[in-house]
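Everything on this sheet refers to the single structure shown next.
For ligands, and for the atoms within them, numbers begin at 1 and follow the listed sequence. The basis for the numbers below is simple: all heavy atoms, side chains too, and nothing from hydrogens, waters or symmetry mates.
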Amino acid sequence: MTRPRFHRILLKLSGEALMGTQGFGIDNDAVVGLAGEVKAAKEAGFELCLVIGGGNIFRGMAGAAKGMDRAQADYMGMLATVMNALAMQNALEQLGVETRVQSAIKMDQVCEPVIRRRAERHLEKGRVVIFAAGVGSPYFTTDSGAALRAAEMKCDALFKGTSVDGVYDADPKKVATAQRYDQLSFHRVLADDLKVMDASAVALCRDNDIPIVVFNIREPGNLAKVLAGEGVATIVQSEE
Ligand code: UDP
């Protein structure tokens with residue numbers, strides 16, 4: 001399959017990618033591994049924005065399920081994404097990649113607030129911009145944060161790194177005959193409720209014509225391959 005070439009991309013990583021083989025939290029080796037992947041992408045000439053989830057530390061829904069107020073729990077989830085962003089910033093800078101973290105919740109001592117024009121300047125200077133705290137509001141997820149930042153930063157595509165190599169018609173971990181799609185339309189993802197990202201994130205990408213590339217981030221070297229238009233992935237875009 002030939003895929004379009006991109007220049008500026010937003011990479012969305014779930015918090016779970018940072019926990020490695022641990023059941024919880026941040027595994028430094030996993031973060032260093034991911035930072036290496038990001039560095040390789042940078043060196044291949046891509047401009048990179050990063051959004052990292054917080055599910056390895058705290059998810060609002062999980063808190064609400066145990067009786068917490070949902071909004072309060074969601075704010076805790078957003079704070080978790082800031083911790084992950086700082087861990088990734090640390091790993092990238094130790095590899096010599098310049099970065100800036102911008103948080104949707106102001107945290108002046110820790111990172112910059114989200115300022116689009118400033119983020120633009122960082123990218124021009126070759127820095128990786130890590131957007132933390134999602135959209136800054138409860139009842140959203142970092143998938144929506146990723147779609148929003150991809151749109152406002154005019155990214156050519158949103159790359160979603162997961163633990164499977166694309167989008168399947170059934171859960172490949174449970175159904176042996178599950179088929180992987182090479183390409184899908186936004187419409188199909190929403191109509192069939194395929195688990196790519198949450199619906200609001202998919203709709204935002206559709207409305208702004210931002211393709212979503214779903215690929216396996218756990219396979220070393222895969223981000224560079226997929227960015228080069230090689231490797232296994234599913235691309236979700238306007239036309240099937
Ligand atoms: N969150 C939120 N608003 C946002 C982004 C995140 O309330 O704009 C909260 C929400 O509770 C979510 C948690 O932060 O469960 C962690 O983010 P997410 O679940 O998206 O992380 P991931 O699944 O990607 O690790």
Side-chain angles (χ1 to χ4, degrees), residues 9-27 30-31 33-35 37-38 49-89 91 101-107 110-116 119 129-153 158-164 167 171 173 194-205 208 212-218 223 236:
I9 66 145
L10 187 138
L11 174 64
K12 158 78 209 292
L13 300 175
S14 69
E16 282 167 4
L18 276 63
M19 75 186 183
T21 51
Q22 298 174 178
F24 173 83
I26 299 173
D27 172 27
V31 181
L34 291 168
E37 301 277 317
V38 172
C49 301
L50 236 64
V51 167
I52 308 175
N56 56 322
I57 300 171
F58 197 85
R59 275 209 181 90
M61 290 276 262
K66 289 182 186 147
M68 281 186 74
D69 175 76
R70 169 74 192 269
Q72 181 83 347
D74 277 341
Y75 279 112
M76 290 171 66
M78 285 183 259
L79 296 179
T81 73
V82 179
M83 290 177 67
N84 284 337
L86 295 180
M88 180 56 78
Q89 174 172 49
V101 174
Q102 293 200 343
S103 171
I105 294 175
K106 270 184 84 174
M107 242 179 263
V110 175
C111 57
E112 295 178 359
V114 176
I115 300 175
R116 185 179 64 82
V129 182
I130 308 170
F131 291 104
V135 304
S137 299
Y139 298 96
F140 284 93
T141 65
T142 49
D143 280 352
S144 293
L148 173 66
R149 302 300 169 218
E152 69 173 335
M153 297 311 296
L158 193 166
F159 279 65
K160 169 146 173 151
T162 70
S163 58
V164 282
V167 183
D171 185 347
K173 289 175 180 163
L194 295 172
K195 303 293 171 222
V196 176
M197 298 201 301
D198 46 60
S200 55
V202 174
L204 199 53
C205 287
N208 293 285
I212 305 168
V213 181
V214 183
F215 70 103
N216 188 348
I217 189 71
R218 291 188 183 251
L223 174 62
V236 183

Of all the non-hydrogen atoms in the protein, which one sits nearest to [atom], and at what distance?
atom	answer
atom 9 (C) of ligand 1	Asp74 O, 3.4 Å
atom 13 (C) of ligand 1	Gly77 CA, 3.6 Å
atom 23 (O) of ligand 1	Arg59 NH2, 2.7 Å
atom 8 (O) of ligand 1	Val135 N, 2.7 Å
atom 5 (C) of ligand 1	Thr141 C, 3.3 Å
atom 12 (C) of ligand 1	Gly60 N, 4.0 Å
atom 18 (P) of ligand 1	Thr142 OG1, 3.4 Å

Test your reading of the structure: does [X] have an N or O sitting under 3.5 Å from an N or O of ligand 1?
X	value
Ala73	no
Met61	no
Gly55	yes

(message) Any carboxylate oxygen within less than 4.0 angstrom of a Lys/Arg side-chain nitrogen, looking at Asp143 and Lys160?
(response)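 Result for this pair is yes, salt bridge flagged.
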(request) Identify whether the distance between the nearest side-chain nitrogen and carboxylate oxygen of Arg59 and Glu16 falls below 4.0 Å. (result)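 Glu16 and Arg59: salt-bridged.
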Minimum heavy-atom separation for [X] and [Y], please, with both atom names.
X	Y	answer
Ser144	Asp198	OG-OD1, 3.3 Å
Met197	Cys205	CE-SG, 4.2 Å
Gly25	Ile57	CA-CG1, 4.5 Å
Ile115	Gln102	N-OE1, 3.1 Å
Met88	Leu34	CE-CB, 3.7 Å

(message) Taking the side chain as everything from C-beta on, heavy atoms only, tell me whether Tyr75 gets closer than 4.5 Å to Ile105.
(response)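 They are in contact (side-chain heavy atoms under 4.5 Å apart), so the answer is yes.
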Part of [X] with heavy atoms under 4.0 Å of ligand 1, whether side chain, backbone, both or neither:
X	value
Ala62	neither
Phe58	backbone
Lys12	side chain

(request) Decide whether the shortest distance between a heavy atom of Pro138 and an atom of ligand 1 is less than 4.0 Å. (result)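 It does; at least one heavy atom falls under 4.0 Å.
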(request) Only counting residues at least two apart or in another chain, list the ones meeting ring pair (Phe, Tyr, Trp, His ring centres under 6.0 Å) with Phe215. (result)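 If we apply the ring pair (Phe, Tyr, Trp, His ring centres under 6.0 Å) test to Phe215, skipping adjacent residues, there are no hits.
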(request) Have a look at Phe140, Tyr75, Tyr139 and point out the one with the heavy atom closest to atom 2 (C) of ligand 1. (result)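 Minimum heavy-atom distance to atom 2 (C) of ligand 1 goes to Phe140.
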(request) Compare Gly54, Ser137, Ala17 and give the one whose heavy atom is closest to atom 21 (O) of ligand 1. (result)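 Result: the heavy atom closest to atom 21 (O) of ligand 1 is in Gly54.
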(request) Please test Asn56 against Ile26 for side-chain contact (heavy atoms from CB on, under 4.5 Å), starting from the C-alpha separation and ending with a verdict. (result) CA-CA 7 Å; Asn56 56 322; Ile26 299 173; 3.8 Å; yes
(request) Taking only heavy atoms of Ser14 into account, list the atoms of ligand 1 that are under 4.0 Å away from them. (result)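 Counting atoms of ligand 1 from 1, those under 4.0 Å from Ser14 are 24 (O), 25 (O).
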(message) Show the atoms of ligand 1 that are less than 4.0 angstrom away from any heavy atom in Gly53.
(response)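 Taking each heavy atom of Gly53 in turn, ligand 1 has 21 (O), 22 (P), 24 (O), 25 (O) under 4.0 Å.
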(request) Would you confirm whether Asn84, through its side chain, and Gly53, through its main-chain N or O, come within 3.5 Å as a donor-acceptor pair? (result)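 A pair under 3.5 Å: yes.
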